[in-house]
Amino acid sequence: MAEISITLPDGSLREVAADSTVLSLATTISRNLGKAAIAGVVNGQQVDVSQALTNNDSVEIITVDSDRGRHVLRHSTAHVMAQAVLNLYPGAKYTIGPAIENGFYYDFDLGGRVFTEENLANVEAEMRKVIAANQPFVRAEISIAEALTLFSEQPYKCEIIERVTGGAADGTDSAEVGGSGDSVSIYRNTDEFVDLCLGPHVPSTGRLGHFKLQKVSSAYWRGNEKGPVLQRIYGTAWESKAALEEHLHRLEEAERRDHRRLAVELDLLSFPTELGGGLAVWHPKGAIVRKLMEDYSRSRHQSGGYQFVFTPHLSNATLFQTSGHLDFYADGMYPPMEMDNGTYYPKPMNCPMHCLIFRGRQRSYRELPLRLFELGTVYRYERAGTLHGLMRIRGFTQDDSHIYCTRDQLQDEIISLLDFVMSVLKAFGFEDFSFHLSTKDPEKYVGSDEIWESATNALSTALETHGVEYSVKEGDAAFYGPKIDIHIRDAIGRTWQLSTIQCDFNLPERFDLEYVATDGSRQRPIMLHRALFGSVERFFGVLVEHYAGAFPTWLSPVQVKILPVAEAHETYAQQVADSLIASGIRVEIVEANDQLGKRIRTAKMEKTPYVLVVGDDDMAADTVGVNARGLDVERGVAVSEFTRRITEEISHSVI
RNA sequence: GCCCGGGUAGCUCAGUCGGUAGAGCAACGCACUCGUAAUGCGUAGGUCAGGAGUUCGAUUCUCCUCUCGGGCUCCA
């Protein structure tokens with residue numbers, strides 16, 4: 001039989017039979033690879049394993065346990081779900097159903113009906129039937145006319161087909177529709193189900209099964225708030241039972257760490273309804289942690305060359321007219337207050353006020369970079385449905401700085417800023433950063449092309465100087481300048497965007513900011529907005545979840561609980577407490593009104609770093625029994641030794 | 001803001017097919033005085049989110065409002 005030559009990813013050539021497919025190729029390489037193969041990449045294009053190969057193709061096998069493999073099986077599972085929903089809800093219209101991180105969803109128009117959580121079990125059972133039937137996924141390319149006939153009962157599918165052929169396809173559509181300009185690709189599961197789809201898919205539904213439907217919700221068709229509201233089902237799907245269970249376990253872990261729940265359990269803060277949505281009050285224990293975070297931030301800024309400023313929470317409207325916030329950001333601002341001498345607004349941002357400070361007198365190049373810092377509390381009218389604990393809140397405090405510098409200084413300033421950001425975040429136990437550079441949106445920007453280019457170069461060069469990987473989000477910058485966003489990865493692998501460094505070519509212009517240059521000329525400074533925590537409140541929420549409520553000793557509201565074994569030991573417990581307090585340790589005594597075991601349990605559940613038990617032996621020897629979080633009990637530790645250890649730990653802010 | 005689902009004691013929840021409610025934990029009291037993750041007994045605590053409607057009677061049914069949750073949208 002004739003043979004063809006295939007190039008494998010490692011560059012090696014392989015001769016295979018002329019009628020080979022991706023699957024048969026995989027099987028010839030190894031039996032296990034054949035089993036694990038779920039799709040392929042041929043000449044850079046993702047394809048089904050049934051794809052026929054031709055001479056000189058370069059081929060890569062996608063296996064189920066890879067990111068791309070899971071993506072395929074999630075997408076296929078979404079098709080199975082659509083089939084199940086169409087079976088169970090006659091007349092339902094199906095729209096789009098992509099794979100997403102960890103899972104998939106599919107949106108339906110149920111003609112006024114809605115899904116409830118109870119329906120999920122039925123849909124899941126129906127999906128199991130489809131999977132048990134082991135229906136093949138068969139790809140076909142059909143003409144636009146055929147497609148419009150095939151989907152004549154499916155207006156959303158027709159809309160996608162028409163948009164694609166009309167040349168108006170966007171990223172969402174292209175994920176759905178394959179084929180060339182005058183055809184589209186479809187995937188058919190027997191006569192039961194057919195969907196418009198780019199693919200690839202698993203060979204048959206029998207390859208699926210490790211999935212779980214998670215929640216129902218609604219979504220707008222094409223994300224348009226004015227458009228039809230669709231019913232969405234989210235699910236998760238994995239290559240094995242073990243992987244599925246591991247994922248579900250991660251979700252439970254995330255729920256266990258939810259800062260809204262821990263904030264109540266640990267008595268950190270609350271959101272009284274009387275205050276209104278998105279506004280928090282900080283209880284003493286939460287306030288201790290917050291104050292320590294702020295103290296740390298202040299001390300780092302102090303030594304980092306920043307000058308501290310304070311600005312009021314309210315301003316006359318003229319300020320926000322000058323800054324442009326009233327033109328562009330009024331929807332995000334709290335409504336105006338009419339006063340006898342004008343209209344006032346709560347400030348949504350600190351930058352205009354910092355610009356007033358810069359402009360307060362003539363500035364020399366010698367003062368630049370001028371770094372103004374403020375823990376500035378701002379108020380933003382976030383829409384009710386977007387509020388989420390501390391993560392999205394209406395009144396919050398930014399660790400906000402505005403840096404005014406010359407164009408020549410920009411790059412060095414960013415280089416040192418990146419150091420500063422990472423160093424501060426590392427103190428809280430974050431080690432894994434990712435960087436994102438957002439560039440000019442050609443549709444919407446102020447400033448010259450030339451200044452955009454030089455600033456964007458300064459940002460990218462700074463990133464490269466640090467040797468860090470970064471992604472570029474083309475066109476994602478705000479209209480006033482390019483920016484770097486910094487994301488961190490937390491203890492359970494979730495990423496959070498915290499820090500941001502943004503160039504601003506707009507406000508210096510609007511406030512007519514100038515400095516006197518070496519040659520005596522007046523020059524416009526560049527302005528940088530930057531925040532490290534972002535918002536103190538949100539960063540606090542991230543920390544609670546990162547630590548699962550178990551703050552490191554230096555941040556713990558109560559660092560030590562002393563438990564006298566019996567009443568007779570309370571005086572001694574007080575002596576130990578006094579001695580620790582004198583060393584600046586935060587200590588509480590839990591009197592012997594309850595059983596010792598009970599008091600230890602309570603202290604542990606409050607995640608106290610150190611529980612000290614003191615009894616007869618300790619009174620005699622001036623010692624304590626140390627029960628440290630996560631460590632074995634240690635009896636008979638001298639008070640002086642314990643004090644030395646914990647003081648050492650705190651002074652180094654050990655995580 | 002939109003769709004869906006909730007709101008019962010400080011917390012977690014049960015319950016009332018319409019006759020104004022109950023548990024565990026927490027709190028408080030008494031007894032126990034205990035060496036490393038729950039001692040026993042008792043007491044107190046609720047306008048069943050708020051308002052309106054239907055009804056002899058509403059925490060329960062209906063409507064509205066507020067609020068929380070899951071999403072969507074939004075986050076110059």
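Numbered from 1 within each chain, the chains take letters A, B, ... in sequence-line order. Heavy atoms only: backbone and side chains are in, while hydrogens, waters and symmetry mates are out.
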Using the [atom1] atom in both, what is the distance from [N] to [M], to the nearest Å?
N     : M     : atom1 : answer
B/U16 : B/C74 : C1'   : 42 Å
B/G22 : B/A44 : C1'   : 15 Å
B/A9  : B/G24 : P     : 16 Å
B/G6  : B/U60 : P     : 15 Å
B/C3  : B/G50 : C1'   : 24 Å
B/C61 : B/C28 : C1'   : 40 Å
B/G42 : B/A23 : P     : 12 Å
B/A38 : B/A21 : C1'   : 28 Å

Practice task
Taking A/Ser471 for its side chain and A/His436 for its backbone only, find out whether a donor-acceptor pair lies under 3.5 Å.
Solution key: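 Answer holds: no.
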
Problem - Non-neighbouring partners of A/Arg601 that pass salt bridge (Lys or Arg N to Asp or Glu O under 4.0 Å), sequence neighbours left out - result: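 Once residues adjacent in sequence are excluded, A/Arg601 has no partner under the salt bridge (Lys or Arg N to Asp or Glu O under 4.0 Å) criterion.
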
Give the rounded distance in Å between these two atoms: [atom1] of [X] and [atom2] of [N].
X        : N     : atom1 : atom2 : value
A/Glu567 : B/C34 : CD    : C1'   : 11 Å
A/Gln231 : B/C2  : CD    : P     : 16 Å
A/Asn593 : B/A38 : CG    : C1'   : 16 Å
A/Leu612 : B/U36 : CG    : P     : 15 Å
A/Met605 : B/A38 : CE    : C1'   : 8 Å
A/Asp594 : B/C28 : CG    : C1'   : 12 Å
A/Lys226 : B/C3  : NZ    : P     : 13 Å
A/Ile233 : B/C4  : CD1   : C1'   : 13 Å

Once you apply a heavy-atom cut-off of 4.0 Å, does [X] come out as touching a base, just sugar-phosphate, or nothing?
X        : result
A/Ile600 : base
A/Gly597 : sugar-phosphate
A/Asp616 : base
A/Val613 : base
A/Val565 : base

Would you give me the side-chain donor-acceptor pairs under 3.5 Å for residues 384-398 of chain A, sequence neighbours excluded?
{"from": "A/Thr386", "atom 1": "OG1", "to": "A/Arg383", "atom 2": "O", "distance (Å)": "2.6"}
{"from": "A/Arg392", "atom 1": "NE", "to": "A/Glu382", "atom 2": "OE1", "distance (Å)": "3.2"}
{"from": "A/Arg392", "atom 1": "NH2", "to": "A/Glu382", "atom 2": "OE1", "distance (Å)": "2.9"}
{"from": "A/Arg394", "atom 1": "NE", "to": "A/Glu382", "atom 2": "O", "distance (Å)": "2.9"}
{"from": "A/Arg394", "atom 1": "NH2", "to": "A/Glu382", "atom 2": "O", "distance (Å)": "2.8"}
{"from": "A/Thr397", "atom 1": "OG1", "to": "A/Arg290", "atom 2": "NH2", "distance (Å)": "3.0"}
{"from": "A/Thr397", "atom 1": "OG1", "to": "A/Thr377", "atom 2": "OG1", "distance (Å)": "2.9"}
{"from": "A/Thr397", "atom 1": "OG1", "to": "A/Glu537", "atom 2": "OE2", "distance (Å)": "3.3"}
{"from": "A/Gln398", "atom 1": "OE1", "to": "A/Asn350", "atom 2": "ND2", "distance (Å)": "3.2"}

Exercise for the section: Determine the interplanar angle of the A/His354 and A/His402 rings, folded into 0 to 90°, and report it as parallel if under 30°, tilted if 30 to 60°, perpendicular if over 60°. Expected result: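 It falls in the perpendicular class, over 60°.
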
Practice task
Can you label the angle between the A/His325 ring and the A/Phe320 ring as parallel, tilted or perpendicular, going by 30° and 60°?
Solution key: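 Perpendicular, since the angle between the ring planes exceeds 60°.
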
Without hydrogens or angle criteria, can the side chains of [X] and [Y] be said to hold a donor-acceptor pair below 3.5 Å?
X        : Y        : result
A/Glu474 : A/Thr439 : yes
A/Ser218 : A/Gln231 : no
A/Asp485 : A/Thr500 : yes

Practice task
Examine the base of B/G35 for any acceptor or donor lying under 3.5 Å from a partner atom in the side chain of A/Asp618, and report the outcome as yes or no.
Solution key: yes

Handout entry: Residue pairs, two or more places apart or on separate chains, that pass ring pair (Phe, Tyr, Trp, His ring centres under 6.0 Å) and touch residues 591-638 of chain A
Key =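 Every ring pair (Phe, Tyr, Trp, His ring centres under 6.0 Å) pair that includes a residue of residues 591-638 of chain A, provided the two are not neighbours, is A/Tyr610-A/Phe642.
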
Completion exercise
With sugar-phosphate taken as primed atoms, P, OP1 and OP2 and all else as base, the protein-contact string of nucleotides 64-76 of chain B at under 4.0 Å (heavy atoms; B, S, -) is ---SSSBBBBBBB

Exercise for the section: Take nucleotides 9-14 of chain B nucleotide by nucleotide from the 5' end and write B, S or -, depending on whether a protein heavy atom sits under 4.0 Å from the base, only from the sugar-phosphate, or from neither. Expected result: ------

Exercise for the section: Go through residues 396-403 of chain A and report each residue with a non-hydrogen atom lying under 4.0 Å from RNA chain B, sorted by number. Expected result: none

Exercise for the section: Just jot down the ring pair (Phe, Tyr, Trp, His ring centres under 6.0 Å) partners of A/Tyr379, sequence neighbours excluded, or say none. Expected result: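 With sequence neighbours excluded, A/Tyr379 shows a ring pair (Phe, Tyr, Trp, His ring centres under 6.0 Å) to A/His313, given in chain and number order.
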
Exercise for the section: Identify whether NZ of Lys or CZ of Arg in A/Arg74 sits under 6.0 Å from the centre of the six-membered ring of A/Trp238 and within 45° of that ring's axis. Expected result: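 Yes, a cation-pi geometry holds between A/Arg74 and A/Trp238.
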
Practice task
Is it possible for you to check whether A/Arg232 lies under 6.0 Å from the centre of the six-membered ring of A/Tyr105, through NZ or CZ, and within 45° of that ring's axis?
Solution key: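 Yes, A/Arg232 sits over the ring of A/Tyr105.
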
Exercise for the section: From the options B/G35, B/C3, B/A38, select the nucleotide whose nearest atom is closest to the side chain of A/Lys598. Expected result: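 Nearest to the side chain of A/Lys598 among the choices is B/A38.
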
For [X], side-chain contact (heavy atoms from CB on, under 4.5 Å) partners two or more places apart:
X        : result
A/Val264 : none
A/Glu567 : A/Glu570
A/Ile492 : A/Glu253, A/Ala254, A/Arg257, A/Asp490, A/Arg494

Practice task
Using the criterion of both pairing distances under 3.5 Å for Watson-Crick and G-U wobble pairs, give all stems of 3 or more consecutive pairs involving RNA chain B.
Solution key: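 RNA chain B stems, ordered by first number: B:1-7 with B:66-72, B:10-13 with B:22-25, B:27-31 with B:39-43, B:49-53 with B:61-65.
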
Practice task
Kindly write out the residues that satisfy side-chain hydrogen bond (donor to acceptor under 3.5 Å, both in side chains) with A/Asp449, not counting sequence neighbours, or none if the list is empty.
Solution key: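 Applying side-chain hydrogen bond (donor to acceptor under 3.5 Å, both in side chains) to A/Asp449 gives A/Lys440, A/Tyr445.
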
